[in-house]
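Here the structure is a predicted model, which means the values were calculated and not measured. Quick note: residue numbers are just sequence positions, from 1.
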Amino acid sequence: MSEVRVLLVEDEDDLRLLIGEALRMTGYRVSTAADGPQAVTAMEREPFDVVVSDVSMPNGMSGIELSDHVARLQPHARVILASGFARAQLPALPGNVIFLPKPYRIPQLLALLPERAEPGDAPLPA
C-alpha cells in the first residue's frame, strides 16, 4: 500500500498548518503551498495523488486556474477545491474537480481523500 501524497494549497497560514498537521496525523504525506504559483512549482518537482486548494487565493491564480495546471502537470491527481461561496456562485468548475464547501471539518475532507495511492499512479518522469 502506497502512502497518499497530498498537496495542500491554502493562503491562510494558520489553516494551512492546522489542516496539514491533521492530514499528517491520519497518515497522509503532505506538502503545502501558500498560493497557486507555489503549488505549480511543487507539482513540477514532485508527484501528488491529491491537490486540495482554496478557490480564492492571492497572487493572481485562483484554485480553478490551478486545477488546469494540475490537469496538465499531473493528470492522475484528484483535485478538491474548497470555497466559502456556494457552488452556484462560482464559475463552472472543471469536470475533474470535487467541490468542498467551507467551513468544513477534517472528517469531511478525509472522506474525499483516497486511503492509499492507486497502483497505476506513477511518479513523474525524470
Rounding to 0.5 Å, atoms CE (Met43) and OG (Ser31) come to a distance of 11.5 Å

Please tell me if the side chains of Leu81 and Val51 come closer than 4.5 Å, counting only heavy atoms from C-beta onward. no

Val79 vs Ser53 side-chain heavy atoms within contact, under 4.5 Å: no

Might you point out which heavy atoms bring Asp11 and Pro58 nearest each other, and give the distance in Å? CB-CD, 3.4 Å

Going through the checks in order, is the side-chain contact (heavy atoms from CB on, under 4.5 Å) test met by Leu23 and Leu113? CA-CA 10 Å; Leu23 293 176; Leu113 296 176; 3.6 Å; yes

Are the side chain of Asp49 and the backbone N or O of Arg5 linked by a donor-acceptor pair below 3.5 Å? yes

So, the side chain of Glu10 versus the backbone of Leu15: is there a donor-acceptor pair under 3.5 Å, distance only? no

Indicate yes or no: does Lys102 engage Asp54 in a salt bridge with an N to O separation below 4.0 Å. yes

Separation between CG of Leu112 and CD1 of Ile98, rounded to the nearest 0.5 Å: 5.5 Å

Any side-chain heavy atom of Leu100 sitting closer than 4.5 Å to one from Leu109? yes

Residue list, side chain to side chain contact (heavy atoms under 4.5 Å, CB included) with Ile106, at least two apart or on another chain: Ile19, Ala22, Leu110

Residue set satisfying salt bridge (Lys or Arg N to Asp or Glu O under 4.0 Å) with Asp13, at least two apart, ordered chain then number -> Arg16

Measuring from atom CG of Leu7 to atom CZ of Arg29, what distance do you get when rounded to the nearest 0.5 angstrom? 11.0 Å

Checking the side chain of His76 only, and the main-chain atoms of Phe48 only, is there a donor and an acceptor separated by less than 3.5 Å? yes

Between Asp35 and Met61, is the side-chain contact (heavy atoms from CB on, under 4.5 Å) condition met? List the steps. CA-CA 7 Å; Asp35 58 29; Met61 186 184 302; over 6 Å; no

Can you give each donor-acceptor pair under 3.5 Å made by side-chain atoms of residues 65-73, sequence neighbours left out, with the distance rounded to 0.1 Å?
residue	atom	partner	partner atom	Å
Glu65	OE1	Ser62	N	2.7
Glu65	OE1	Ser62	OG	3.4
Ser67	OG	Ile64	O	2.5
His69	ND1	Arg72	NH2	2.8

I'd like to know if the side chain of Glu44 reaches the main chain of Ala39, judged simply by a donor and an acceptor atom lying under 3.5 Å from each other, with no hydrogens or angles considered. no

Hey, could you give me the OG1/CG distance between Thr32 and Leu8, rounded to the nearest 0.5 Å? 6.5 Å

